[in-house]
Every structure is written in C-alpha cells, then in structure tokens.
Protein chains: 2
Amino acid sequence: MVTQMDVARRAGVGRRTVSNVVTGFPYVSKDVRERVLRAIEELGYVPNRAAQQLRTGRSGVIALTVPEVGVGYFGELGNLVVEEAAARGLGTVVAQTRGSREREITEIERLLALQPDGVIMSPLGLTAEDLAGVSARTEVALIGEHFVGSPIRTIAIDNAAAAGDIVTHLVQSGREHIAFLGMSAASPNFNQLRRRGYLEALERHGIAPVAAVEARDFTSADGYDAGAVLAARLAEGAQLDAVFCVTDEVAIGAMRALHDAGLRVPDDVAVAGFDDIVEGRYANPRLTTVSPDKREIARQAVAAVLGEPADDAQIAYRLELRESTTGIVQPA
Amino acid sequence: MVTQMDVARRAGVGRRTVSNVVTGFPYVSKDVRERVLRAIEELGYVPNRAAQQLRTGRSGVIALTVPEVGVGYFGELGNLVVEEAAARGLGTVVAQTRGSREREITEIERLLALQPDGVIMSPLGLTAEDLAGVSARTEVALIGEHFVGSPIRTIAIDNAAAAGDIVTHLVQSGREHIAFLGMSAASPNFNQLRRRGYLEALERHGIAPVAAVEARDFTSADGYDAGAVLAARLAEGAQLDAVFCVTDEVAIGAMRALHDAGLRVPDDVAVAGFDDIVEGRYANPRLTTVSPDKREIARQAVAAVLGEPADDAQIAYRLELRESTTGIVQPA
DNA sequence: TTGAAAGCGCTAACAT
DNA sequence: ATGTTAGCGCTTTCAA
C-alpha cells in the first residue's frame, strides 16, 4: 500500500505538505503542489479512508433509506441525494425499506453499523419514538414525512397548501365534483396533509367533496383499482368530473383504469397527481401535478445531516398544469 | 465517545481483555467475559470501525452491483448476498447498474471509493478489460456472467447444460416445435450459453429449431412483445408447441401474450423459463424453470471475495417441472 | 510555506 | 488467562 510518506519522499517534501495538497489546504506553492500531484499520480496513491476517518471522526459516508430505490418519487429523490453527496465528496449507502416499520428498523441497524456521518430517511412506518432512538446515535434528517413535535430536521414542501392549490386549479377550470384518491386516515402524514389540503380548499370554494375512494397504497396498481371503482360509480350515475390523487403513481394507475372504462381524460374526468415523477411527463395524457423542488430537497437534506444550519423552513413547489386537467398538450 | 479503555476500567480488566471479548478470542474466563459484557452494555460501547479497519486492513464492507435491486432474479440473489454477508458480520453496500456499461463503471467507482473488502458483480455490459482494472484494485467475484479466459472467480451454474436439460424435458413430454425466446448473438454471455444449450439439445434429439424470436432485453415487457410475435406466427399456421425463454421474466411476459392471443399454456404451447424467480411460482400457470441454488451462489460469492479457496467449480441446479409445461398443478 | 510529532481507537505479537 | 505495547495512515497543533 502506498502511503502519504511514500508520496512525500518521491516528491521530496514533508508529509504535512502532501496532506495539505490532498485536503486542499491553500498555502502550498504552485510548484510544490504540482510536484506532489505528480508523485501521487505516479505512485497511484489513494488516501486511506480508515485513517482519515479515525483522525477526523467522519466516515465520509451518509446513509439513505427510501421505500423503494430507483422507482418513482423516492427513486428520483434518492438519485439526487447521491449526486449531491458525491458533489461534496461523500459516499452514500442506500437501503430499501419497502415502507414497513420492521424493514425500516432492520435496515437502519444495518446502516448504523457502518457508522455513517448521518442518515437521511423517508420513513413510512416508523414511529416518533423509533426515530428518537436513531437520532440519539447519529445525525438524522427526514424527507417528506413530518413528525409533529419531533425535533428532527424535516425537509418538505407544504403538502396541504400544495394540495389546496391544485384543487383550486381544478375548481377554476370549471370542475365541480372532485374526488380525492388516496389512503384513509390511518396513513403516513403526507397523505393526511394532502387530503386535508383538498378538503379545506373545497370548503373555501363552497364545494362538497365527492365520497372518497380509498387506495390501499401508493402504487399504480392501487390507483388502477381505485380508478376502476370510480369508473363504476360514474357508470351508475354518480357525479364526478375530477380526481385529485395523492401521488403521481396512483394518478397514472387511475388514468389507465378510467381509459379502460371508456372515459376520456380530461374531457370526462380531469386527473391530477402529486410529486412530478418522470413517468407523469410522458404519460398519456400528460399528468398535471405538484412539482416540489427535488434538487433543493436533496441539497437541504444533505446539508441537514452534515449539521449545517437550515436556510429555509419550507421547500418551494410549483404546479405543473398539463394535459390531464387542461386538455392542452405541451412539449415535455 | 466510549472507548475500549473506558470499558476496561469499568470492568477492572486490561484493554487486551476487552478486545478479546469483542473479537471472540476463546481464552477468556466466563466470569471476566460477563463482567466485560456488562460494562459494554452499561457504557453503550460500540467498537470504532475506522480504528478496526485501520488496524486490520479490512473495512468489514463488501460491495455488490446488480442490474436492478429488489427485482427478479438479481433482487433475490442480492438479498441472499446481503444476508450471507451479515451472517459473517459484514456490511454490504449495493449499487444498481441497470445493465449499462457506463452506469456499471460509475457505480463501481463510487463503491471502490468506500474501500470495500471486495466486490461482487453481475456485469452485463462490462468488458473483460474493465473488469481487469477493477480486480487490480480489490477482490472481485462474478455472479452469473462468465468471461472466458479471465482469471476472475465466477460463480455460476452450467447454463448450457441446464438449458439442454429443460429442452430435453420439453422433447420428452412430446413437444416437437420448440422456439428459443431470448436475445440475439450480441448479448451477455449467459444468454448465449442458454441459447447454445438449447441448440445442442435439439440437435441431439434430431429436432430442427423453430425460427428464433428475438427479445430486446430481459424484461417481462420484452417477453410480452416477443410472445405476441410468436402468437401471430402461430395464427398464420406456423408450427410451434413449446417456447424456452432465456429468463423467467421473459417467460412470464410471453405467457401473458400467448394468453391474450387466446392460446392455452401448456395445452397449445408449453412455456419454460430460467432462474426460478418467486413470481414464476405464483404465475398462472405456474412456470417450469431451471432453479439454480441461489443461496449457494450467494455463499460462494461472499466466500470468493473474502479470498477463501473455492470448494466446487460449479453450482448445482435442478429442474422445476411445473404446470406451464406439464399441465399438472402442484402446491407452491 | 513547510517540518516534526502527537495521537485518533483498535488489534495482535510478545510477555507473563 | 491476561497485561503491555507497538504501530495501522492520517490530520493537525505547534514551531520554525
């Protein structure tokens, strides 16, 4: 193994100087820096992480848990977190929890054994207590899910407000019978917030909610099933001209079900989602949705676990009004 | 931070003794061991991995790359590798490559930066040269893919033999027009081996191969498309009574396409796959397939990257003869 | 701007 | 069966 000392000898400088070059310490003459760099190159020197970690107390690795990696919203977000961390010279180790509390706990234990500098989580089943246990052991930041009263840093948009905005858009484009398609009360917080935003917005506009259809979970399959129920009700004469879905994936499933039932989106029923996943941009019709600033979420989450002070409380979002509610086709 | 020294003081023993207890060194009296364990418990001592790594030269982490995590064959295999590693006290960091050479390279770089004790790969796009570069930097074991002439340890079943066996089963159950459904020549090695096994078996039985249908890739969607082509040919009068698919996922897609075209599996066309993924056991009809000993693959892969001597050259497999070729329903 | 040297927490060779 | 001790490779304080 090539050590710093080898490099120092080769470059004819002291060890300290090599360290300075490696860590980017500014006061090194250009000449010396180049000599060191060349020696590093020639020797194929790679800093030993264990030694760095032992010395600095930082492992240079952060951990990330998501329900599902490489799929949908959390997949996209996960990639951004990995990117953001890499840009800061940090490695990211990812665990997939499938949203069950049990798996979330096992996976967290696995990750913690690696002694990461911090962990970013998107908990779906974890309790506030579980979380407190974790945050006693390492820096924690939460993405998406809020735990009211918990001191843990959470990075999220204002879910209720965003849901309200999209419902308002539906109302303003003339829809009068708007259903919410999501989970019931006993569900992750974000689902409840989006549902509440929907209810409050309807109330503001003096419109009665349509009897809710419950999705079992957040997959497109669940959306399809719920969408089929909706279509059946419509066939029986129920009043319905818009559906606000708790996530894009659910919305995409619902659109397919409506289409299969011979209904046109948005002509017969407008459909809106939430999260702005890539699939929604290429769906047919293109899906109207709430687009959170994912890159900013990733940035702040990484900053948060590194203990940097929070800059903004809330993440920005904007409405992506597309074909599935407006009927207007725009380039992706 | 609680150190070994703190524990030693608390337990009234030397540091060496604490180390002995932690690392499972045998010669510690029961009495002392318990005292140390209690002190560890009371103090909440956790060994510092960086220090361990610096001392031993091992990071206690292995890396794993798979095309897709948590899905299908590689997902199942990945979980087994993680389990096997955990049983040996090793952490596993996983990367998802999506099968492209480019991603495979970036992901490997990311993993290598973590300085793992070894990496287990399922390369799909990597060249033998790429691989040589990696294996110069760390211990490498390959799963599934063979690189002829490469010195890198490969854990795999005899793909050609297994493919031959399943084709023989098809022949022996009276099928005479057997198609291969997989990728073309320019494809990962395992695809070519399975294809070759199919051709050689047919030749042994004196049966001519049916004009091949090419699948773009290894997903169920690809299988569906290819299956649809097959169904169309059949409708035009082509002779066909069995399909051997390069993977279970392709087979599942193909079965759906055949079913959609009004064909009965296995009455009209028998379908066999390869890999024995869980979905195949619950497919309708249940899928006949080659079942490699996945747990043994995982075990040997982990052993290989740890530099343990190879015990067997080849992994065992067996045929799972199920409904999709036999027509006989058996419990899953 | 660079050198010398201490020490991060741990394991294992050596000694007892 | 247990204690003593020398580093593993690195960063960083102190001094020059």
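Within every chain, numbering begins at 1; the chains are lettered A, B, ... in the order of the sequence lines, protein sequences first and strands thereafter.
As rounded to whole Å, 12 Å separates atom P of D/dG9 from atom CD of B/Q115. Rounded to an integer number of Å, the gap from CG of B/L54 to C1' of D/dA6 is 13 Å. Rounded to whole angstrom, the span from the CZ atom of B/R9 across to the P atom of D/dG3 amounts to 14 Å. For A/Q4 and C/dG3, the CD to C1' distance is 13 Å, given to the nearest whole Å. A/Q53 has its CD atom 12 Å from the C1' atom of D/dC10, to the nearest Å. The distance between atom CZ of A/F25 and atom P of D/dT12, rounded to the nearest whole Å, is 10 Å. For the pair B/R55 CZ and D/dT5 C1', the interatomic distance rounds to 10 Å; values are reported in whole Å. If you measure from atom CZ of A/R58 to atom C1' of C/dC8, you get 13 Å, rounded to the nearest angstrom.
Residue A/M1 is in sugar-phosphate contact alone, with no base atom involved, counting any heavy-atom pair closer than 4.0 Å across all strands shown. Heavy atoms of A/Q52 sit under 4.0 angstrom from primed sugar atoms or phosphate atoms, though from no base atom. Within 4.0 Å (heavy atoms only), A/S19 reaches at least one base atom of the nucleic acid. Counting any heavy atom pair closer than 4.0 Å across all strands shown, B/V32 reaches sugar-phosphate atoms only and no base atom. Using a 4.0 Å heavy-atom cutoff across all strands shown, B/V13 reaches sugar-phosphate atoms only and no base atom.
Taking only side-chain nitrogens and oxygens, B/T56 never comes nearer than 4.0 Å to OP1 or OP2 of D/dC8.
The neighbour count for B/E308 CD, taken as heavy atoms of other residues, nucleotides or ligands under 6.0 Å away, is above 12. Within 6.0 Å of the CZ atom in B/R110, the count of heavy atoms belonging to other residues, nucleotides or ligands exceeds 12.
Using a cutoff of 4.0 Å between basic side-chain nitrogens and carboxylate oxygens, A/E34 and A/R38 are not scored as salt-bridged. Classification of B/R137 and B/E109 as a salt-bridged pair holds, one side-chain N sitting under 4.0 Å from a carboxylate O. Salt bridge annotation for A/E296-A/R299: present, with a cationic side-chain nitrogen under 4.0 angstrom from a carboxylate oxygen. Taking 4.0 Å as the cut-off between side-chain N and carboxylate O, A/R295 and A/E83 count as a salt-bridged pair.
Comparing D/dA1, C/dT11, C/dG3 by their closest approach to the side chain of A/T17 singles out C/dG3. The listed nucleotides are C/dT11, D/dT12, D/dG9; the one nearest the side chain of A/N20 is D/dT12.
Proximity of residues 36-49 of chain B to DNA chain C (heavy atom under 4.0 angstrom from any strand atom) is restricted to B/Y45, B/P47, B/N48.
Between the side chain of A/Q4 and the backbone N or O of A/V18 there is no donor-acceptor pair closer than 3.5 Å.
Nearer the 5' end of DNA chain D, as judged by each residue's closest nucleotide, is the contact made by A/V2, out of A/V2 and A/R16.
Side-chain N/O atoms of A/R15 and base N/O atoms of C/dT2 include no donor-acceptor pair closer than 3.5 Å. Side-chain atoms of A/R33 stay outside donor-acceptor range of the base of C/dT1, with no qualifying N/O pair under 3.5 Å.
Remark: the B/D130 side chain and the B/T127 side chain contain an N/O donor-acceptor pair separated by less than 3.5 Å.
In this structure, A/F218 has its ring center closer than 6.0 angstrom to the ring center of A/F190.
Contact check for A/V81 versus A/V66: no side-chain heavy atoms found under the 4.5 Å cut-off.
Rounded to 10 degrees, the angle between the two end axes of the helix from C/dT1-D/dA16 to C/dT16-D/dA1 is 30°, with five pairs used at each end.
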